[in-house]
Student: 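One structure follows; several queries about it will come next.
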Amino acid sequence: MVDWALDHVPADPAPSILEVGAGNGNLLFALCEAGFAPGRMCGLDYSADAVKLARAIASAKQREQDAEEHEEDASVKGPGAITFAVCDFLAEDVPALDGVEGTATWDLVLDKGTFDAMALVGQNDQGVNIADGYPSRVGRVVKPGGYFLITSCNFTEEELKAKFATAETGLVYHSRIPFPSFSFGGKSGNVYSSVAFHKQP
Ligand SMILES: C[S@@+](CC[C@H](N)C(=O)[O-])C[C@H]1O[C@@H](n2cnc3c(N)ncnc32)[C@H](O)[C@@H]1O
């Protein structure tokens, strides 16, 4: 996903990046290491424990970075500048980044295993699948001209296209990340599907 972002997301001006269901923050830390601006990144998770852990890892990584740099170069523009917030993406608005305007929509929205986790929750009391509302919420937070990149181990590429490339989301299929395929019982497939969608400018 990091390589895909490096290849496709313009670096200037620094893109705003939202990860839905960031867990321990690994993907955002990797993007930070790859050169994306941490002050423009936000990781959401509805688990307060996950957010606490991601913040603790970010602080530890920042301390390591500061210790490696000469004191006069020590900067907060490392992993410590990533925002991690508790938010149920299916029910709440995404919090704005402090001091950064225009964060209601994002240049790059990432999902690594989160839609899979939502789909496992099943149905609410009214018999509606919890994950059904997800694609439209994603569509709302992708900036026109921006991207949504999702990696799933539950949904095939075709299923992801059917769910996310719709008139309601405003997203269109952009590209896929190729993974090695396997064959079993005469059928072939991939363990993961990684699909990118683009919102028309
Ligand atoms: C399979 S984990 C993936 C974590 C991370 N993206 C990674 O790759 O390590 C899915 C994450 O989504 C979070 N999650 C599930 N439903 C959510 C929701 N409605 N709003 C925000 N986060 C959610 C879970 O708490 C969990 O941390």
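Atoms within a ligand are numbered from 1 in the order they appear, just like the ligands themselves.
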Student: If you apply the rule side-chain contact (heavy atoms from CB on, under 4.5 Å), what do you find for Thr151 with Asp116, and how did you get there?
Tutor: CA-CA 9 Å; Thr151 294; Asp116 292 346; over 6 Å; no
Student: So which protein heavy atom does atom 5 (C) of ligand 1 come closest to, and at what separation?
Tutor: Gly21 O, 3.4 Å
Student: Tell me whether Val20 has any N or O atom under 3.5 angstrom from an N or O of ligand 1.
Tutor: no
Student: Taking Ser175 for its side chain and Ala196 for its backbone only, find out whether a donor-acceptor pair lies under 3.5 Å.
Tutor: no
Student: With atom 22 (N) of ligand 1 as the reference point, say which of Tyr46, Tyr134, Phe115 has the nearest heavy atom.
Tutor: Tyr46
Student: Per the side-chain contact (heavy atoms from CB on, under 4.5 Å) rule, which among Ile17, Leu18, Leu28 passes with Cys42?
Tutor: Leu18
Student: Nearest protein heavy-atom contact for atom 26 (C) of ligand 1: which residue, which atom, what distance?
Tutor: Asp45 OD2, 3.6 Å
Student: As an exercise, identify every atom of ligand 1 less than 4.0 angstrom from a heavy atom of Met118.
Tutor: 16 (N), 17 (C), 18 (C), 19 (N)
Student: Hey, does the Lys NZ or Arg CZ of Lys61 hover above the aromatic six-ring of Phe29, less than 6.0 Å from the centre and inside 45° of the axis?
Tutor: yes
Student: If the threshold is 4.0 Å, N to carboxylate O, is there a salt bridge linking Glu157 and Lys161?
Tutor: yes
Student: Could you list the atoms of ligand 1 found under 4.0 angstrom from a heavy atom of Cys87?
Tutor: 20 (N), 21 (C)
Student: Tell me if a side-chain donor or acceptor on Asp125 pairs with a main-chain N or O of Gly127 at a distance below 3.5 Å.
Tutor: no
Student: Look at the side chain of Ser59 and the backbone N and O of Arg55, then say whether any donor-acceptor pair between them is shorter than 3.5 Å.
Tutor: yes
Student: Relative to the heavy atoms of Ala22, which atoms of ligand 1 are at a distance of less than 4.0 Å?
Tutor: 5 (C)
Student: Looking at ligand 1, does any of its N/O atoms fall within less than 3.5 Å of an N/O of Asn24?
Tutor: no
Student: Can you tell me which residue and heavy atom of the protein come closest to atom 19 (N) of ligand 1, and the distance to 0.1 Å?
Tutor: Asp88 OD1, 2.8 Å
Student: Closer than 3.5 angstrom, by distance alone: can the side chain of Lys143 be matched with the main-chain N or O of Asp107 as a donor-acceptor pair?
Tutor: no
Student: Are any of the heavy atoms in Asn26 under 4.0 Å away from ligand 1?
Tutor: no
Student: Run the side-chain contact (heavy atoms from CB on, under 4.5 Å) check on Ile150 and Phe155 step by step: do they pass?
Tutor: CA-CA 10 Å; Ile150 178 167; Phe155 295 97; over 6 Å; no
Student: Nearest non-hydrogen contact with atom 2 (S) of ligand 1 belongs to which option: Gly113, Gly133, Ala91, Ala85?
Tutor: Gly113
Student: Where is the nearest protein heavy atom to atom 20 (N) of ligand 1: which residue, which atom, and how far?
Tutor: Phe89 N, 3.0 Å
Student: For atom 8 (O) of ligand 1, what's the nearest protein heavy-atom neighbour? Residue, atom name and distance, please.
Tutor: Lys112 NZ, 2.6 Å
